[in-house]
2 protein chains.
Amino acid sequence: MAREMVRQGGRSARIQSEVHRTVRDMLKTMDRGEITVPMIAEKSGVTPSTIYRRWGDLSELLADVAVARMRPVADPEDTGAMGSDLETFILQYAEEMSSKVGRSMLADVLGSMEGNAAGRCCQFTYDHLETLRERALSRGESGFDVSEAIDVVVAPIIYHILFGDRELTTDYCRSLVSSFLEKCAGA
Amino acid sequence: MAREMVRQGGRSARIQSEVHRTVRDMLKTMDRGEITVPMIAEKSGVTPSTIYRRWGDLSELLADVAVARMRPVADPEDTGAMGSDLETFILQYAEEMSSKVGRSMLADVLGSMEGNAAGRCCQFTYDHLETLRERALSRGESGFDVSEAIDVVVAPIIYHILFGDRELTTDYCRSLVSSFLEKCAGA
DNA sequence: CGGCTAACGCTAAAAATTTGCGTTAAGGTG
DNA sequence: CACCTTAACGCAAATTTTTAGCGTTAGCCG
C-alpha cells in the first residue's frame, strides 16, 4: 500500500505524551533558553535522535507542545448574554496569554515555520468566538462579526503582549470589548 | 576607572557592520533555518567565538540585525493631509512587514529576550505615528490618538501577518485606516 | 606617548545535532 | 491467529556547533 501512514497508538503515542509532559514540567521551573533537546530526552527516557527525527529541532517541539496546550478543552462559559459572554471570554483569554506561560507559548508558536502552528492556534480563538456568536444568535441576539472581533479586540491584546509596550489591565481589555459592542450596535 | 565602557569606533564597529551586512546578504538568498553562526563567521571574516561572545547566540544576533533594519532612516512622507499621510504610511508599513524579509524580521525580533528588541522596534512605529499626528496638528487638523491608531490599524495588520489567518490586501488595510479616521471624526 | 582594558583571534574541550544501521512493534492481510 | 510490511525507535559513530582558556590587538584616556 502506497499510502502514507502515521502511527497513532501504542509506543509512538506513549513517547509523544511522555515528551510533551516532560517539556511542560520543565517550562514550569526553568527558562526556555536553558532547555535543550538532550535534557528533554534524558528526563523523558527517550533517545535524543528520536526527538530530532520526529520534531526536527527544539523550536518545532516547543511549538508542538504549545499548540497542544492551547487546544481548548471546553467551550467558553455561557453567562446568558452576548456582551457578558464576550467580556468573560476575553478577560480570561488576556489573562492566560499575558501570563508567563502564555507569553512563552505565543513565542514558541510564532517561532516555528513547519505545520502552521500559529495558524492552528489562532483558529482556536476564532472557533471560540464563532461559538459565542452562534450562541448569541440562538438566543435571538443580533450576533457579531467574528473577524471584526479579532481585529478590534483580540489583535490589540496580542500586540501589546508581544511587544510589551503597554500594561494589559483588566480595564483596558474591558474597554476594547465595550468599544466593539458599541460598534456592533451602531452597525 | 570603574565605569563600564563600550567601544564605539574602529575595529569593533567594523566587525559589527561586517557581520550585519553578511547576515542581511544571507537572508536574501536562504531560509533563516539554514543559517548558522559558523557560516556567518566565515563569510564575514570573523571567528565564531567573537560572534558568540558579542551576541550570545544566533537568535540574538538576528534580532539585533532586524532591529537595525527596522530603524527608520527618514520621516514618513508628507502628502499634505492627515488622512492621506496615514493611509500612505500604513500601506507602506503593511507592504514591508508582510514581505518575506518583513515577516522574517518580525519573527527574529519577537524571538529574542535580551535587549527588548520587540519594544524598541514597535517604538519606531509609535514615533512615526506621533510625527504624523504632530504634523496634522501643525496644519490645523484635529490630530488623532496614537495609541488608538495602533490598536485599530497597526495591531490587526501585525496579527494577520504573524498568524497568517487572512490575506492582507490593500483594500483591507485601507478599510482599517478609514475606519479609524471615521472613529476620530466621530469622537 | 604610554598605560589600561574591552574586544578580538586562536585552539582545545564540551555539547549538541546528524546519520547509518539494526531492532521493535503497529496495523493490515491472508 | 500467524504473518508481513514498514513506521518509528534505540544505539553509537561522525559531524557540527558552542563554550572556555589564554595570549594578542587596538580603542580610549590621562
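Order of the sequence lines fixes the chain letters, A, B, ..., with proteins taken first and strands second; residue numbering starts at 1 for each chain. Since the model is a prediction, treat every value here as computed from it, not as a measurement.
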Could I get the full list of ring-ring contact (aromatic ring centres under 6.0 Å, His included) partners for B:H128, not counting sequence neighbours? B:F89
What residues form a ring-ring contact (aromatic ring centres under 6.0 Å, His included) with B:F180, not counting sequence neighbours? B:F144
As a test of reading the structure: which of C:dT17, D:dG10, C:dG9 is closest to the side chain of A:I15, going by heavy atoms? D:dG10
Stretch residues 16-42 of chain B: residues that reach within less than 4.0 Å of DNA chain C through a heavy atom: none
Checking side-chain polar atoms at under 3.5 Å, does B:T169 have a donor or acceptor matched by the opposite partner on B:D171? no
Would you tabulate the nitrogen or oxygen pairs shorter than 3.5 Å linking the protein to nucleotides 20-22 of chain C?
from	atom 1	to	atom 2	distance (Å)
C:dG20	O6	A:R53	NH2	2.4

Taking only residues two or more places apart in sequence, or in another chain, which ones meet [X] in a side chain to side chain contact (heavy atoms under 4.5 Å, CB included)?
{"X": "A:D85", "result": "A:D78, A:T79, A:L132, A:R135, A:R139"}
{"X": "A:S142", "result": "none"}
{"X": "B:L168", "result": "B:A94, B:S98, B:I157, B:H160, B:I161, B:Y172, B:C173"}
{"X": "A:T47", "result": "A:S49, A:T50"}

Check salt bridge (charged side-chain N to carboxylate O under 4.0 Å, His left out) between [X] and all other residues, then give those that pass, not counting sequence neighbours.
{"X": "A:E60", "result": "none"}
{"X": "A:E96", "result": "none"}
{"X": "B:D31", "result": "B:K100"}

Quantified as the angle between the terminal helix axes (five pairs each), what is the overall bend of the helix from C:dC1-D:dG30 to C:dG30-D:dC1 to 10 degrees? 40°
